[in-house]
Amino acid sequence: MSLATETAAPLTVPPAPGKRRIPGWARGVLWAVGIVAVLSTASYLTGVNTLTSTNTAQTALRLALPILLCALGGLWSERGGVVNIGLEGMMILGTWGAAWGAYYGGPWAGLGAAIVFGALGGLLHAIATVTFNVNHIVSGVAINLLGLGVAKYLATLIFEPLSGNPRQSPTVPTFDTYSATFLSNWLTDLEDQQRVFISDAAGLLNGLVTGVAPLTMIAILLVPVSYLVLWRTRLGLRLRSCGENPVAAESLGINVYAHKYLGVLISGGLAGMGGASLVLLQGGGGYLENQTNGRGYIGLAAMIFGNWRPGGLLGGAALFGYADGLQLSGGGRAVLALLYGVVLLLFVIVVVQLIRRQWIAAALGVVGAGVLYWIYWSNDSLPSELTPYTAHVVTLIVLAVASQRLRPPKAGGARYRRGEGD
(Lines give C-alpha, C1' and ligand atoms only; values in the text may rest on other atoms or scores of the structure.)
Protein backbone atom coordinates (compact mmCIF):
# COMPACT_ATOMS: atom_id res chain seq x y z
CA MET A 1 0.00 0.00 0.00
CA SER A 2 1.59 3.22 -1.14
CA LEU A 3 0.96 6.49 0.48
CA ALA A 4 0.71 9.50 -1.77
CA THR A 5 2.61 12.45 -0.47
CA GLU A 6 0.76 15.65 -0.94
CA THR A 7 2.33 19.03 -0.59
CA ALA A 8 0.35 20.99 1.91
CA ALA A 9 -0.68 24.44 0.84
CA PRO A 10 0.97 27.16 2.92
CA LEU A 11 -1.21 28.61 5.59
CA THR A 12 -2.38 32.13 4.89
CA VAL A 13 -2.30 34.24 7.99
CA PRO A 14 -4.92 36.95 7.79
CA PRO A 15 -3.41 40.40 8.17
CA ALA A 16 -3.91 42.09 11.47
CA PRO A 17 -6.76 44.54 11.30
CA GLY A 18 -5.43 48.03 10.78
CA LYS A 19 -6.18 50.87 13.08
CA ARG A 20 -9.31 52.65 11.93
CA ARG A 21 -8.56 56.27 11.35
CA ILE A 22 -11.05 59.02 11.93
CA PRO A 23 -12.09 60.63 8.58
CA GLY A 24 -10.65 64.05 7.90
CA TRP A 25 -14.03 65.78 8.00
CA ALA A 26 -14.79 64.20 11.39
CA ARG A 27 -11.45 65.39 12.79
CA GLY A 28 -12.28 68.87 11.53
CA VAL A 29 -15.65 68.80 13.31
CA LEU A 30 -14.00 67.62 16.54
CA TRP A 31 -11.42 70.41 16.32
CA ALA A 32 -14.18 72.97 15.71
CA VAL A 33 -16.18 71.77 18.73
CA GLY A 34 -13.04 71.79 20.88
CA ILE A 35 -12.08 75.32 19.85
CA VAL A 36 -15.61 76.61 20.50
CA ALA A 37 -15.46 74.98 23.93
CA VAL A 38 -12.13 76.69 24.70
CA LEU A 39 -13.39 80.09 23.50
CA SER A 40 -16.62 79.64 25.45
CA THR A 41 -14.72 78.82 28.65
CA ALA A 42 -12.35 81.75 28.15
CA SER A 43 -15.27 84.09 27.47
CA TYR A 44 -17.04 82.95 30.64
CA LEU A 45 -13.96 83.18 32.90
CA THR A 46 -12.74 86.54 31.58
CA GLY A 47 -16.13 88.17 31.01
CA VAL A 48 -15.20 89.17 27.45
CA ASN A 49 -18.19 88.25 25.28
CA THR A 50 -16.45 89.59 22.17
CA LEU A 51 -14.59 86.29 21.84
CA THR A 52 -17.72 84.59 20.52
CA SER A 53 -19.92 87.46 19.34
CA THR A 54 -21.70 87.63 15.99
CA ASN A 55 -19.77 90.76 15.04
CA THR A 56 -16.43 89.05 15.65
CA ALA A 57 -17.45 86.04 13.54
CA GLN A 58 -18.65 88.28 10.68
CA THR A 59 -15.43 90.30 10.70
CA ALA A 60 -13.31 87.16 10.95
CA LEU A 61 -15.07 85.58 7.96
CA ARG A 62 -14.52 88.66 5.82
CA LEU A 63 -10.84 88.89 6.79
CA ALA A 64 -10.26 85.14 6.37
CA LEU A 65 -11.43 85.11 2.73
CA PRO A 66 -8.34 86.70 1.12
CA ILE A 67 -6.11 84.45 3.22
CA LEU A 68 -8.14 81.37 2.24
CA LEU A 69 -8.07 82.18 -1.48
CA CYS A 70 -4.32 82.86 -1.43
CA ALA A 71 -3.76 79.61 0.47
CA LEU A 72 -5.77 77.71 -2.16
CA GLY A 73 -3.70 79.41 -4.84
CA GLY A 74 -0.51 78.27 -3.15
CA LEU A 75 -1.93 74.74 -2.89
CA TRP A 76 -2.57 74.46 -6.65
CA SER A 77 0.86 75.78 -7.52
CA GLU A 78 2.92 73.83 -5.01
CA ARG A 79 1.09 70.56 -5.59
CA GLY A 80 2.33 70.93 -9.17
CA GLY A 81 5.89 71.44 -7.92
CA VAL A 82 6.15 75.25 -8.27
CA VAL A 83 6.76 77.19 -5.05
CA ASN A 84 4.75 80.40 -5.26
CA ILE A 85 6.15 83.12 -3.01
CA GLY A 86 4.62 85.63 -5.43
CA LEU A 87 1.07 85.28 -4.08
CA GLU A 88 1.28 88.73 -2.50
CA GLY A 89 2.13 90.39 -5.83
CA MET A 90 -0.63 88.50 -7.66
CA MET A 91 -3.04 89.55 -4.95
CA ILE A 92 -2.02 93.20 -5.35
CA LEU A 93 -2.68 92.94 -9.09
CA GLY A 94 -6.07 91.45 -8.21
CA THR A 95 -6.99 94.42 -6.01
CA TRP A 96 -6.26 96.86 -8.81
CA GLY A 97 -8.07 94.74 -11.39
CA ALA A 98 -11.11 94.36 -9.13
CA ALA A 99 -11.43 98.13 -8.62
CA TRP A 100 -10.93 98.88 -12.31
CA GLY A 101 -13.42 96.26 -13.47
CA ALA A 102 -16.01 97.12 -10.83
CA TYR A 103 -15.83 100.84 -11.59
CA TYR A 104 -16.71 100.30 -15.24
CA GLY A 105 -18.79 97.11 -15.10
CA GLY A 106 -19.95 96.31 -11.58
CA PRO A 107 -18.75 93.78 -8.97
CA TRP A 108 -18.94 90.69 -11.19
CA ALA A 109 -16.83 92.40 -13.86
CA GLY A 110 -14.44 93.41 -11.09
CA LEU A 111 -14.16 89.80 -9.93
CA GLY A 112 -13.43 88.65 -13.49
CA ALA A 113 -10.79 91.35 -13.96
CA ALA A 114 -9.15 90.42 -10.66
CA ILE A 115 -8.90 86.78 -11.72
CA VAL A 116 -7.37 87.78 -15.07
CA PHE A 117 -4.81 90.15 -13.54
CA GLY A 118 -3.85 87.58 -10.89
CA ALA A 119 -3.53 84.88 -13.56
CA LEU A 120 -1.24 87.18 -15.61
CA GLY A 121 1.05 87.36 -12.59
CA GLY A 122 0.89 83.57 -12.37
CA LEU A 123 1.69 83.25 -16.06
CA LEU A 124 4.81 85.38 -15.63
CA HIS A 125 5.89 83.24 -12.68
CA ALA A 126 5.31 80.06 -14.70
CA ILE A 127 7.34 81.37 -17.66
CA ALA A 128 10.22 82.21 -15.34
CA THR A 129 10.23 79.02 -13.27
CA VAL A 130 8.95 76.34 -15.65
CA THR A 131 10.26 77.49 -19.03
CA PHE A 132 13.47 79.29 -18.02
CA ASN A 133 14.18 77.39 -14.76
CA VAL A 134 14.61 80.53 -12.67
CA ASN A 135 14.85 79.86 -8.95
CA HIS A 136 11.29 79.79 -7.61
CA ILE A 137 12.01 82.00 -4.60
CA VAL A 138 13.80 84.61 -6.71
CA SER A 139 10.97 84.66 -9.23
CA GLY A 140 8.34 84.94 -6.50
CA VAL A 141 10.07 87.89 -4.86
CA ALA A 142 10.37 89.56 -8.26
CA ILE A 143 6.63 89.03 -8.88
CA ASN A 144 5.85 90.68 -5.53
CA LEU A 145 7.95 93.72 -6.39
CA LEU A 146 6.61 93.85 -9.94
CA GLY A 147 2.99 93.54 -8.80
CA LEU A 148 3.45 96.42 -6.38
CA GLY A 149 5.10 98.59 -9.03
CA VAL A 150 2.59 97.81 -11.76
CA ALA A 151 -0.35 98.53 -9.45
CA LYS A 152 1.18 101.88 -8.47
CA TYR A 153 1.77 102.82 -12.09
CA LEU A 154 -1.72 101.82 -13.21
CA ALA A 155 -3.33 103.56 -10.23
CA THR A 156 -1.51 106.79 -11.11
CA LEU A 157 -2.42 106.41 -14.78
CA ILE A 158 -6.09 105.38 -14.41
CA PHE A 159 -7.34 106.31 -10.95
CA GLU A 160 -5.66 109.65 -10.26
CA PRO A 161 -7.72 111.51 -12.91
CA LEU A 162 -10.88 109.97 -11.41
CA SER A 163 -10.24 110.22 -7.66
CA GLY A 164 -7.57 112.92 -7.50
CA ASN A 165 -5.37 110.53 -5.52
CA PRO A 166 -2.82 108.15 -7.12
CA ARG A 167 -2.96 105.89 -4.07
CA GLN A 168 -6.63 104.96 -4.30
CA SER A 169 -9.51 104.46 -6.70
CA PRO A 170 -12.89 106.15 -6.63
CA THR A 171 -15.59 104.28 -4.73
CA VAL A 172 -16.72 101.19 -6.62
CA PRO A 173 -19.88 99.05 -6.18
CA THR A 174 -19.58 96.03 -3.91
CA PHE A 175 -21.43 92.70 -3.75
CA ASP A 176 -24.82 92.61 -2.09
CA THR A 177 -25.09 90.49 1.03
CA TYR A 178 -27.70 87.93 2.02
CA SER A 179 -28.76 86.45 5.35
CA ALA A 180 -30.59 83.31 6.42
CA THR A 181 -33.20 85.41 8.22
CA PHE A 182 -35.13 82.67 10.08
CA LEU A 183 -31.95 80.90 11.22
CA SER A 184 -30.27 84.19 12.10
CA ASN A 185 -33.20 85.30 14.30
CA TRP A 186 -33.20 82.00 16.15
CA LEU A 187 -29.41 82.14 16.69
CA THR A 188 -29.66 85.75 17.89
CA ASP A 189 -32.20 84.70 20.52
CA LEU A 190 -29.90 81.91 21.67
CA GLU A 191 -26.94 84.27 21.84
CA ASP A 192 -28.89 86.79 23.94
CA GLN A 193 -29.72 84.10 26.52
CA GLN A 194 -26.04 83.99 27.55
CA ARG A 195 -25.86 80.25 28.10
CA VAL A 196 -22.37 78.86 28.37
CA PHE A 197 -21.25 77.14 25.14
CA ILE A 198 -24.74 77.21 23.55
CA SER A 199 -24.86 81.01 23.25
CA ASP A 200 -21.19 81.11 22.24
CA ALA A 201 -21.71 78.58 19.48
CA ALA A 202 -24.85 80.44 18.37
CA GLY A 203 -22.96 83.75 18.18
CA LEU A 204 -20.16 82.29 16.07
CA LEU A 205 -22.56 80.45 13.76
CA ASN A 206 -24.77 83.53 13.43
CA GLY A 207 -21.83 85.50 12.09
CA LEU A 208 -21.36 82.89 9.36
CA VAL A 209 -24.96 83.08 8.06
CA THR A 210 -25.56 86.82 8.34
CA GLY A 211 -24.52 89.32 5.68
CA VAL A 212 -22.90 86.75 3.37
CA ALA A 213 -21.83 87.86 -0.12
CA PRO A 214 -21.78 85.63 -3.24
CA LEU A 215 -17.98 85.86 -3.33
CA THR A 216 -17.88 84.46 0.21
CA MET A 217 -19.95 81.45 -0.81
CA ILE A 218 -17.80 80.88 -3.91
CA ALA A 219 -14.60 81.00 -1.86
CA ILE A 220 -15.85 78.46 0.69
CA LEU A 221 -17.17 76.20 -2.09
CA LEU A 222 -13.73 76.23 -3.73
CA VAL A 223 -12.30 74.29 -0.77
CA PRO A 224 -14.20 71.01 -1.40
CA VAL A 225 -13.96 71.59 -5.16
CA SER A 226 -10.16 71.83 -4.91
CA TYR A 227 -10.07 68.63 -2.88
CA LEU A 228 -12.27 66.73 -5.32
CA VAL A 229 -10.31 67.90 -8.36
CA LEU A 230 -6.83 67.36 -6.91
CA TRP A 231 -7.50 64.06 -5.12
CA ARG A 232 -10.39 62.48 -7.00
CA THR A 233 -9.80 63.20 -10.70
CA ARG A 234 -7.26 62.13 -13.28
CA LEU A 235 -6.22 65.74 -13.84
CA GLY A 236 -5.52 66.20 -10.13
CA LEU A 237 -3.54 62.97 -9.92
CA ARG A 238 -1.38 64.04 -12.85
CA LEU A 239 -0.84 67.52 -11.41
CA ARG A 240 0.19 66.12 -8.03
CA SER A 241 2.51 63.60 -9.66
CA CYS A 242 4.34 66.53 -11.28
CA GLY A 243 4.94 67.92 -7.79
CA GLU A 244 6.13 64.58 -6.40
CA ASN A 245 8.27 63.16 -9.22
CA PRO A 246 8.12 64.99 -12.57
CA VAL A 247 10.57 62.57 -14.23
CA ALA A 248 8.37 59.59 -13.40
CA ALA A 249 5.31 61.54 -14.51
CA GLU A 250 6.95 62.29 -17.87
CA SER A 251 7.81 58.61 -18.32
CA LEU A 252 4.07 57.87 -18.08
CA GLY A 253 3.29 60.29 -20.91
CA ILE A 254 2.20 63.26 -18.79
CA ASN A 255 2.95 66.71 -20.18
CA VAL A 256 4.69 68.06 -17.09
CA TYR A 257 5.14 71.58 -18.46
CA ALA A 258 1.44 71.93 -19.29
CA HIS A 259 0.33 70.74 -15.86
CA LYS A 260 2.77 73.03 -14.06
CA TYR A 261 1.57 75.99 -16.14
CA LEU A 262 -2.04 75.08 -15.33
CA GLY A 263 -1.35 74.90 -11.60
CA VAL A 264 0.41 78.26 -11.49
CA LEU A 265 -2.24 79.97 -13.64
CA ILE A 266 -5.00 78.72 -11.32
CA SER A 267 -2.85 79.82 -8.39
CA GLY A 268 -2.60 83.35 -9.75
CA GLY A 269 -6.31 83.51 -10.49
CA LEU A 270 -7.18 82.45 -6.94
CA ALA A 271 -4.76 85.01 -5.49
CA GLY A 272 -6.44 87.63 -7.70
CA MET A 273 -9.79 86.57 -6.23
CA GLY A 274 -8.28 87.10 -2.80
CA GLY A 275 -7.44 90.65 -3.82
CA ALA A 276 -10.99 91.11 -5.13
CA SER A 277 -12.40 90.13 -1.73
CA LEU A 278 -10.62 93.12 -0.19
CA VAL A 279 -12.21 95.48 -2.74
CA LEU A 280 -15.66 94.07 -3.48
CA LEU A 281 -16.93 93.06 -0.05
CA GLN A 282 -18.46 95.37 2.53
CA GLY A 283 -15.74 97.38 4.18
CA GLY A 284 -13.82 97.60 0.91
CA GLY A 285 -15.37 99.67 -1.87
CA GLY A 286 -12.23 100.48 -3.80
CA TYR A 287 -8.52 100.03 -4.39
CA LEU A 288 -6.12 101.38 -1.78
CA GLU A 289 -2.33 101.23 -1.84
CA ASN A 290 -0.89 98.59 0.54
CA GLN A 291 -4.38 97.17 0.88
CA THR A 292 -3.17 93.57 1.09
CA ASN A 293 -0.97 94.27 4.13
CA GLY A 294 0.99 91.03 3.78
CA ARG A 295 -2.06 88.78 3.52
CA GLY A 296 -0.47 86.91 0.62
CA TYR A 297 2.33 85.78 2.93
CA ILE A 298 -0.18 84.85 5.64
CA GLY A 299 -2.06 82.81 3.04
CA LEU A 300 1.18 80.97 2.27
CA ALA A 301 1.57 80.34 6.00
CA ALA A 302 -2.01 79.02 6.19
CA MET A 303 -1.24 76.58 3.38
CA ILE A 304 1.88 75.34 5.20
CA PHE A 305 -0.06 75.11 8.47
CA GLY A 306 -2.64 72.98 6.62
CA ASN A 307 0.13 70.65 5.39
CA TRP A 308 -0.72 71.32 1.74
CA ARG A 309 -4.29 70.01 2.19
CA PRO A 310 -7.55 71.94 1.51
CA GLY A 311 -9.17 71.15 4.85
CA GLY A 312 -6.07 72.06 6.82
CA LEU A 313 -5.55 75.38 5.07
CA LEU A 314 -9.22 76.21 5.69
CA GLY A 315 -8.52 75.84 9.41
CA GLY A 316 -5.39 77.98 9.10
CA ALA A 317 -7.23 80.74 7.26
CA ALA A 318 -10.01 80.67 9.87
CA LEU A 319 -7.45 80.96 12.66
CA PHE A 320 -5.66 83.94 11.14
CA GLY A 321 -8.91 85.62 10.12
CA TYR A 322 -10.30 85.17 13.62
CA ALA A 323 -7.19 86.66 15.24
CA ASP A 324 -7.35 89.67 12.92
CA GLY A 325 -11.11 90.10 13.32
CA LEU A 326 -10.92 89.85 17.11
CA GLN A 327 -8.47 92.72 17.45
CA LEU A 328 -10.71 94.88 15.24
CA SER A 329 -13.89 93.99 17.15
CA GLY A 330 -12.61 93.97 20.73
CA GLY A 331 -9.20 95.63 20.78
CA GLY A 332 -6.44 94.80 23.24
CA ARG A 333 -8.71 93.47 25.99
CA ALA A 334 -10.22 90.86 23.67
CA VAL A 335 -6.79 89.77 22.43
CA LEU A 336 -5.67 89.41 26.04
CA ALA A 337 -8.72 87.21 26.71
CA LEU A 338 -7.71 85.12 23.69
CA LEU A 339 -4.32 84.56 25.34
CA TYR A 340 -6.19 83.13 28.33
CA GLY A 341 -7.99 80.76 25.95
CA VAL A 342 -4.63 79.68 24.51
CA VAL A 343 -3.46 78.92 28.06
CA LEU A 344 -6.47 76.63 28.52
CA LEU A 345 -5.73 74.92 25.20
CA LEU A 346 -2.08 74.43 26.16
CA PHE A 347 -3.20 72.87 29.43
CA VAL A 348 -5.22 70.27 27.53
CA ILE A 349 -2.28 69.62 25.18
CA VAL A 350 0.08 69.17 28.16
CA VAL A 351 -2.26 66.57 29.69
CA VAL A 352 -2.38 64.67 26.38
CA GLN A 353 1.42 64.77 26.09
CA LEU A 354 1.81 63.48 29.65
CA ILE A 355 -0.52 60.57 28.86
CA ARG A 356 1.63 59.81 25.81
CA ARG A 357 4.78 60.19 27.95
CA GLN A 358 6.13 62.95 25.75
CA TRP A 359 7.95 64.65 28.59
CA ILE A 360 9.84 67.29 26.59
CA ALA A 361 6.75 68.42 24.68
CA ALA A 362 4.78 68.57 27.93
CA ALA A 363 7.50 70.64 29.61
CA LEU A 364 7.60 73.09 26.70
CA GLY A 365 3.81 73.37 26.89
CA VAL A 366 3.98 74.19 30.61
CA VAL A 367 6.60 76.88 29.98
CA GLY A 368 4.57 78.40 27.13
CA ALA A 369 1.36 78.38 29.19
CA GLY A 370 3.18 79.99 32.11
CA VAL A 371 4.55 82.81 29.96
CA LEU A 372 1.17 83.53 28.37
CA TYR A 373 -0.62 83.45 31.71
CA TRP A 374 1.92 85.89 33.15
CA ILE A 375 1.24 88.27 30.24
CA TYR A 376 -2.50 87.93 30.85
CA TRP A 377 -2.24 88.37 34.63
CA SER A 378 0.08 91.40 34.52
CA ASN A 379 -1.90 93.44 31.95
CA ASP A 380 -5.42 94.83 31.81
CA SER A 381 -5.22 95.30 28.04
CA LEU A 382 -2.61 94.97 25.33
CA PRO A 383 -1.21 98.25 23.94
CA SER A 384 -3.04 99.52 20.87
CA GLU A 385 0.29 99.63 19.01
CA LEU A 386 0.60 95.84 19.25
CA THR A 387 -2.94 94.62 18.55
CA PRO A 388 -2.86 95.24 14.74
CA TYR A 389 -0.07 92.66 14.52
CA THR A 390 -2.04 89.91 16.26
CA ALA A 391 -2.49 87.85 13.07
CA HIS A 392 1.20 88.18 12.20
CA VAL A 393 2.28 86.97 15.66
CA VAL A 394 -0.17 84.07 15.42
CA THR A 395 1.37 83.22 12.03
CA LEU A 396 4.86 82.95 13.53
CA ILE A 397 3.69 80.85 16.48
CA VAL A 398 1.62 78.50 14.34
CA LEU A 399 4.43 77.94 11.84
CA ALA A 400 6.87 77.20 14.65
CA VAL A 401 4.50 74.59 16.09
CA ALA A 402 3.35 73.10 12.77
CA SER A 403 6.87 72.76 11.33
CA GLN A 404 7.32 69.44 13.15
CA ARG A 405 4.74 67.53 11.09
CA LEU A 406 4.98 69.01 7.61
CA ARG A 407 5.08 66.91 4.48
CA PRO A 408 5.51 69.18 1.40
CA PRO A 409 5.49 67.86 -2.18
CA LYS A 410 8.82 66.11 -2.76
CA ALA A 411 9.72 67.99 -5.94
CA GLY A 412 8.43 71.37 -4.75
CA GLY A 413 10.83 74.07 -5.95
CA ALA A 414 13.04 71.61 -7.83
CA ARG A 415 14.24 72.52 -11.31
CA TYR A 416 13.01 70.29 -14.10
CA ARG A 417 13.94 69.90 -17.75
CA ARG A 418 11.98 67.86 -20.25
CA GLY A 419 13.74 64.58 -21.07
CA GLU A 420 15.74 64.34 -17.85
CA GLY A 421 14.70 60.73 -17.37
CA ASP A 422 16.00 59.57 -20.77
Side-chain angles (χ1 to χ4, degrees), residues 54-73 87-118 121 147-148 150-152 154-155 158-160 162-179 207-208 210-220 222 269-299 317-318 320-329 388 391:
T54 297
N55 183 47
T56 298
Q58 278 183 307
T59 308
L61 178 61
R62 177 172 56 84
L63 295 176
L65 284 184
I67 298 172
L68 172 63
L69 288 165
C70 275
L72 282 173
L87 289 168
E88 177 79 4
M90 299 171 195
M91 192 178 185
I92 293 172
L93 291 173
T95 59
W96 189 92
W100 175 71
Y103 182 78
Y104 290 105
W108 287 107
L111 178 59
I115 294 173
V116 170
F117 273 84
L148 182 61
V150 168
K152 281 187 175 182
L154 291 176
I158 305 296
F159 291 149
E160 185 175 15
L162 300 172
S163 64
N165 187 343
R167 295 175 177 268
Q168 68 181 49
S169 71
T171 303
V172 301
T174 58
F175 281 109
D176 294 328
T177 57
Y178 305 90
S179 301
L208 303 182
T210 305
V212 180
L215 179 55
T216 305
M217 293 182 277
I218 292 172
I220 295 174
L222 284 173
L270 289 170
M273 286 183 68
S277 69
L278 294 172
V279 175
L280 302 176
L281 297 181
Q282 285 188 349
Y287 164 84
L288 185 65
E289 193 173 301
N290 296 325
Q291 195 170 19
T292 58
N293 194 28
R295 287 182 175 85
Y297 300 111
I298 298 179
F320 301 136
Y322 176 80
D324 207 6
L326 183 65
Q327 62 90 13
L328 287 177
S329 299

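This one's a predicted model, so the numbers in the text were calculated from it and none came from an experiment.
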Please, which pairs that meet side chain to side chain donor-acceptor pair (under 3.5 Å) have at least one residue in residues 278-292, sequence neighbours excluded? Glu88-Thr292, Arg167-Glu289

Any side chain to side chain donor-acceptor pair (under 3.5 Å) involving residues 58-71? Give me the pairs, sequence neighbours left out, ordered by first then second residue. none

So, do [X] and [Y] sit near enough that their side-chain heavy atoms are less than 4.5 Å apart?
| X | Y | value |
| --- | --- | --- |
| Ser179 | Thr210 | yes |
| Leu65 | Met273 | no |
| Ile298 | Asp324 | no |
| Tyr178 | Asp176 | yes |

Classify the angle between the aromatic ring planes of Trp100 and Tyr104 as parallel (below 30°), tilted (30 to 60°) or perpendicular (above 60°). perpendicular

Would you please classify the geometry between the Trp96 ring and the Phe159 ring as parallel, tilted or perpendicular, with 30° and 60° separating the classes? tilted

Can you see which heavy atom on [X] is nearest to which on [Y], and at what distance?
| X | Y | result |
| --- | --- | --- |
| Ala71 | Gly299 | CB-O, 3.3 Å |
| Ser169 | Ser163 | C-CB, 3.9 Å |
| Asn55 | Ser329 | ND2-OG, 3.6 Å |
| Gly101 | Ala109 | O-CB, 3.7 Å |
| Cys70 | Gly296 | SG-CA, 4.0 Å |
| Gly121 | Met90 | O-CE, 3.7 Å |

Report the distance from atom [atom1] of [X] to atom [atom2] of [Y], rounding to the nearest 0.5 Å.
| X | Y | atom1 | atom2 | value |
| --- | --- | --- | --- | --- |
| Leu111 | Ser277 | CG | OG | 9.5 Å |
| Leu61 | Thr56 | CG | OG1 | 12.5 Å |
| Leu270 | Leu87 | CG | CG | 9.5 Å |
| Thr95 | Leu278 | OG1 | CG | 7.5 Å |
| Leu215 | Thr174 | CG | OG1 | 11.0 Å |
| Leu208 | Thr54 | CG | OG1 | 9.5 Å |

Taking side chain to side chain donor-acceptor pair (under 3.5 Å) as the definition, give me every residue that meets it alongside Tyr103, ordered by chain and number, with sequence neighbours left out. none

